[in-house]
Amino acid sequence: MSQRGQDVKRTVQAFYDSVGWKELSEGIYQNARFEDLRPVSREYIHRCHMRVKRHIPSRGRYLLDAGSGPIQYPEYLEYSQGYCYRVCLDISHRALLEARKRIDGHGLFVVGDIAHLPFKEGAFDGLVSLHTVHHLPAQEQPGAFSEFLRVLRAGGQAAVVYSWGKAAPWMRRARPLMRAIERFRARAGHNPEQELQENLPIEKLTPEAAALLNAGGSFTHHNPPDWVRAQLSWLPGLEMRVWRSVSPAFLRAFIHSRLLGRYWLKLLYRLEEIAPHFFARVGQYPMILFQKPAQDVGEGDA
């Protein structure tokens, strides 16, 4: 690993130990600023979360959650319902302490680096990694997928939720209109930070929690859609399907209860289901799916 790679990971670890996974309130973390928790979006986001479960084995001995964080959403808990153990690996010690609160005896907890997994080959029946790979330096991201494949059992399946960041084609085209809407709303007295706080499921933010909420994010490197075919074509059974096609910024700009927001999100979800590969390429968040060939040999325990 390069010195820069080490420095990036130390920065990410320090951020999530000191800021990112500190609770604002019970089960609500600083990363709430990067999600849309308003009631109008809740059903759509829930259904998107549940897409992951379709693409991993429904049962097994070990499920690896690579970059587990605190398992902050109830839907995340469902991915490991049919497994004896969910192995939570994260670079942040605080994340694992929070995850333990939610799954306790069902979980095994390991501080580690997703690009250098401390497990033997063929240890896991299934694998999920949610919004984590983009926290790695660019040169280490393909290696993380190599590690994911290595630790899967023969026939094991992986679902990796990624983000195209600013390179997401659809969101890139929508960005000028989103900015125009924000400028219009600002002239009308709209305060986005105040709205963010008001839409959290928290009665009152403490001053410390408000400061955490308004802190920035950590290091990320987002590759464009063509990167998957260029750099990950060697993954067996490689497929890209949509996880969610729109960003929180898009939702906050365009989706509102008084403008039939729930209806439009139901329609969007239906379209994503009809054309999952298209929306994976043009939308914000794809699932990168692959499966270790059944003829490969790799048996073992974590």
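In this structure, a donor-acceptor pair under 3.5 Å is present between the side chains of Tyr16 and His135. Judged by distance alone, the side chains of Glu272 and Ser245 do bring a donor and an acceptor atom under 3.5 Å apart. For the 3.5 Å distance criterion, the side chains of Glu75 and His46 qualify, holding a donor opposite an acceptor.
Considering every non-hydrogen atom in both Arg94 and Asp17, the closest pair reads NE-O, 2.6 Å. Shown here for Gln157 and Leu152, the closest heavy-atom pair between the two residues is O-CD2, 3.8 Å. Nearest approach of Asn223 to Trp164, heavy atoms of both residues: O-CE3, 3.1 Å. The two residues Tyr162 and Ile288 come nearest to each other via the heavy atoms CB-CD1, 4.0 Å. Here the shortest heavy-atom pairing between Ser68 and Leu96 reads OG-CD2, 3.8 Å. In this structure, Arg86 and Tyr79 approach most closely via the heavy-atom pair NH2-CD1, 4.0 Å.
Applying the salt bridge (charged side-chain N to carboxylate O under 4.0 Å, His left out) definition to pairs two or more places apart or across chains, those involving residues 230-242 are Glu239-Arg241. Residues in residues 265-284 take part in these ring pair (Phe, Tyr, Trp, His ring centres under 6.0 Å) pairs, two or more places apart or across chains: Trp170-Phe279.
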Residues 225-234, side-chain donor-acceptor partners within the protein, below 3.5 Å, at least two apart:
| residue | atom | partner | partner atom | Å |
| --- | --- | --- | --- | --- |
| Trp234 | NE1 | Gln231 | O | 2.8 |

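Annotation for Phe15: atom CZ counts as buried by contact number, over 12 foreign heavy atoms lying within 6.0 Å. Open room surrounds CZ on Arg59; 12 or fewer heavy atoms of other groups in view lie less than 6.0 Å from it.
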Taking it one step at a time, do Trp21 and His93 satisfy ring-ring contact (aromatic ring centres under 6.0 Å, His included)?
CA-CA 10 Å; Trp21 296 133; His93 184 256; over 10 Å; no

Applying ring-ring contact (aromatic ring centres under 6.0 Å, His included) to His49 and Tyr76, what does each step give before you reach the verdict?
CA-CA 7 Å; His49 283 318; Tyr76 288 6; 5.2 Å; yes

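Considering only residues two or more places apart in sequence or on other chains, Arg150 meets the salt bridge (charged side-chain N to carboxylate O under 4.0 Å, His left out) condition with Glu147. Applying the salt bridge (charged side-chain N to carboxylate O under 4.0 Å, His left out) criterion to Arg262, with sequence neighbours excluded, gives no partner residue. Remark: Arg175 engages Lys166, Met171, Arg172, Met178, Arg179 in a side-chain contact (heavy atoms from CB on, under 4.5 Å) (not counting sequence neighbours).
Here Asp113 pairs with Lys9 in a salt bridge; the nearest charged N to carboxylate O distance falls below 4.0 Å. For Glu35 and Arg244, the salt-bridge test passes: some basic side-chain N is under 4.0 Å from an acidic carboxylate O. Arg54 has a carboxylate O that lies under 4.0 Å from a charged side-chain N of Glu273, or vice versa, which qualifies the two as a salt bridge.
The line from CG of Leu267 to OH of Tyr44 is 11.0 Å long, rounded to the nearest 0.5 Å. Here the CZ atom belonging to Phe119 is positioned 5.0 Å from the CG atom belonging to Leu89, to the nearest 0.5 angstrom.
Between Phe124 and the options Asp65, Val87, Ile56, a side-chain contact (heavy atoms from CB on, under 4.5 Å) holds for only Val87.
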